[in-house]
Trainee: 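Before I ask anything, let me first share the structure, which is written out below as structure tokens.
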Amino acid sequence: MLSEQSVPVVRATLPAVGSAIGDIADLFYRKLFDAHPELLRDLFNRGNQANGEQQRALAGSVAAFAGLLLENPDERADVMLSRISHKHASLGITSDQYTIVHRHLMAAVAEVLGDAVTPEVARAWDEVYWLMANALIALEARLYARKGVADGDVWRPMEIVDRVEESADAVSLVLEPADDRTVVPFRPGQYVSIQVELPDGARQIRQYSLSAAPGRSGLRVTVKRVRGGGQPDGEVSSWLYANARKGDVLSVSLPAGDLALAEHDGPLLLASAGIGVTPILSMLDHLAAAGATRPVTVVHADRTPDDHAHRQEQLDLVRALPDARLHLWYEEPGDRAPEASAGRADLTGLDLPEGLTAYLCGPVPFMRAVRGDLLSRGVPAEAIHYEVFGPDLWLGRQ
Ligand SMILES: Cc1cc2nc3c(=O)[nH]c(=O)nc-3n(C[C@H](O)[C@H](O)[C@H](O)COP(=O)(O)OP(=O)(O)OC[C@H]3O[C@@H](n4cnc5c(N)ncnc54)[C@H](O)[C@@H]3O)c2cc1C
Ligand code: HEM
């Protein structure tokens, strides 16, 4: 909870901080990476930094958090903090690194806002930062403790024991521990981080959802190579697609992620588009393995049936469930998928049972459309869960 003295100061300065957040974020990262170049090379996603749009996630979330503190001083922004803490735990972030981020973030705020940052203003924003940082540190400590590891000790060598081309652009890799440890349990919907060494020596990290059920031998991920279309091709996905071979060893973090299938018997809606099918496949595989009888509505949208990674597997999993229905949309269905509809996914005509819980994964415009359809059909916002395959710029804006 924000102290009484700081509430009016944060309220008065939030608009200035909010409108300067782009400049603050730029300067913050410049300062951070000048002082610690190894963080950009080996920890932060340099694609996110380069494409400009998404680098505001960290600094922007502090301003969003301040706004939530002012609106609901007694509540913590749990959804937002949970998502960030899982991402941090999957990267092995440790509590001492918060002091480094604090130093450069506060220096950037002071430099961008200039004289407006009186000692009183600096104190109030310091308080916001540490409220958020301490909440994150506590959540991350709990995640590490639950896995039985020391803070930040999440990286494991894993061997690729199988590689399958799932579509022209997507490849699945099955990973098994390359040391004497066993696979850590996870919940369907969770992801791992994978770190690879690129040709210039940088060790870049990206997240990949687990695409098969827990309890299978090894961990399976499915990676779609990102084609730049005028911009550079995606670094890590293209590298994995071109280079990851059976027998190679990758550096993989322990599973994390707050999108996880809840264990109850109510009806489900599982909606995905494109490579967003991966966490949904893990959920379907888990439901099929558990012999689940709950009603499941499955929605998937893709460009063509050939682009639909794991298409046959998804059809088979839905068929294996006694009360599941699959609705497919392809922008270009061709004649390979007579069961599918043409065009973009549209839930308005679907028969949706009462009391459903929804899990969505795909590009943000797809999820925004599906979420909008669900809200207008009376599905409560708290029953709609989603995963964004990038920094979540929805955080704090719902
Ligand atoms: C929780 C989570 C789960 C995920 N699960 C999966 C999954 O199951 N399967 C999957 O395939 N992906 C998944 N992703 C996405 C994955 O983590 C990567 O983001 C994806 O593979 C792209 O990474 P990359 O290194 O190939 O691209 P990057 O190199 O990071 O590039 C990303 C984008 O930035 C653009 N870019 C790069 N440099 C510049 C520049 N200089 N100027 C302008 N634009 C630029 C690129 O063109 C590209 O469009 C997931 C992400 C998250 C957060
Ligand atoms: C209060 C302090 C912090 C806040 C508010 C914060 C916030 C965030 C947010 C919002 C994201 C994006 C989450 C998502 O949507 O996926 C993120 C990701 C990340 N954070 Fe933090 N963070 C903090 C501290 C730290 C620290 C101390 C480090 C370590 C140096 C760190 C490293 C990272 C990295 C590497 C990512 C992944 C982003 C990328 O690779 O581009 N963060 N953080």
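Counting convention: from 1, in listed order, for ligands and their atoms alike. Note that the coordinates shown come from a computational prediction; the quantities given were computed from them, not determined experimentally.
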Trainee: Which option wins on minimum heavy-atom distance to atom 20 (C) of ligand 1: Tyr241, Tyr208, Phe389?
Mentor: Tyr208
Trainee: With heavy atoms under 4.0 Å as the rule, classify the contact between Leu58 and ligand 2 as side chain, backbone, both or neither.
Mentor: both
Trainee: Using side-chain hydrogen bond (donor to acceptor under 3.5 Å, both in side chains), reason through Ser3 and Glu127 one step at a time and then give a plain yes or no.
Mentor: CA-CA 8 Å; Ser3 68; Glu127 197 184 327; 2.8 Å; yes
Trainee: For Val223, take its heavy atoms, then give the atoms of ligand 1 lying under 4.0 Å from any of them.
Mentor: 11 (O)
Trainee: Can you tell which part of Asn45 has a heavy atom less than 4.0 Å from ligand 2: side chain, backbone, both or neither?
Mentor: both
Trainee: Restricting to side chain to side chain contact (heavy atoms under 4.5 Å, CB included), what partner residues turn up for Asn134, sequence neighbours left out?
Mentor: Trp130, Ile137
Trainee: Under 4.0 Å from any heavy atom of Val62, which atoms of ligand 2 are there?
Mentor: 5 (C)
Trainee: Quick one: which ligand 1 atoms are inside 4.0 Å of a heavy atom on Ile275?
Mentor: 9 (N), 10 (C), 11 (O)
Trainee: Is it true that Pro232 lies under 4.0 Å from ligand 1, counting heavy atoms only?
Mentor: yes
Trainee: Against Asp302, only a single residue in Asp307, Ile275, Val277 fulfils side chain to side chain contact (heavy atoms under 4.5 Å, CB included); can you say which?
Mentor: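 In the set Asp307, Ile275, Val277, the residue that makes a side chain to side chain contact (heavy atoms under 4.5 Å, CB included) with Asp302 is Asp307.
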Trainee: One residue to check: Lys87. Relative to ligand 2, which of side chain, backbone, both or neither has a non-hydrogen atom less than 4.0 Å away?
Mentor: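 The side chain, only.
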Trainee: Would you call the rings of His385 and Tyr359 parallel, tilted or perpendicular, taking 30° and 60° as the class edges?
Mentor: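 Judged by the thresholds at 30° and 60°, the geometry between His385 and Tyr359 is parallel.
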Trainee: Report the part of Tyr191 (side chain from C-beta onward, or backbone N, CA, C, O) that has a heavy atom under 4.0 Å from ligand 1; answer both or neither where that applies.
Mentor: side chain
Trainee: In chain order, what residues pass the ring-ring contact (aromatic ring centres under 6.0 Å, His included) check against His310, with sequence neighbours excluded?
Mentor: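 Once residues adjacent in sequence are excluded, His310 has no partner under the ring-ring contact (aromatic ring centres under 6.0 Å, His included) criterion.
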Trainee: Look at atom 22 (C) of ligand 1 and find which of Val226, Leu240, Val192, Val171 reaches it with the closest heavy atom.
Mentor: Val226
Trainee: Distance under 4.0 Å to a non-hydrogen atom of Leu91: what atoms of ligand 2 satisfy this?
Mentor: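 Close to Leu91: 34 (C), 35 (C), 36 (C), 37 (C).
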Trainee: With heavy atoms only and a cut-off of under 4.0 Å, state how Asn48 meets ligand 1: side chain, backbone, both or neither.
Mentor: neither
Trainee: Could you tell me whether the side chain of Leu254 reaches within less than 4.5 Å of the side chain of Val192, counting heavy atoms only?
Mentor: no
Trainee: Is the contact between Glu387 and ligand 1 made by the side chain, the backbone, both, or neither, using heavy atoms and a 4.0 Å cut-off?
Mentor: side chain
Trainee: For atom 17 (C) of ligand 2, tell me which residue out of His86, Gln204, His88, Met132 has the closest non-hydrogen atom.
Mentor: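 That would be His88.
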Trainee: Which bit of Arg83 is near ligand 2, meaning a heavy atom under 4.0 Å away: side chain, backbone, both or neither?
Mentor: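 Under 4.0 Å from ligand 2, Arg83 contributes side-chain atoms alone.
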Trainee: What do we get for Thr278 next to ligand 1 when only non-hydrogen atoms under 4.0 Å count, side chain, backbone, both or neither?
Mentor: side chain
Trainee: Counting only heavy atoms, tell me which of Phe44, Trp130, Phe65 gets closest to atom 38 (C) of ligand 2.
Mentor: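 Ranked by closest heavy atom to atom 38 (C) of ligand 2, first place is Phe44.
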Trainee: Taking only heavy atoms of Asn45, which atoms of ligand 1 are found under 4.0 Å from at least one of them?
Mentor: 30 (O)
Trainee: If the contact criterion is a heavy-atom separation under 4.0 Å, does Val388 count as touching ligand 1?
Mentor: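 Distance cut 4.0 Å: Val388 passes for ligand 1.
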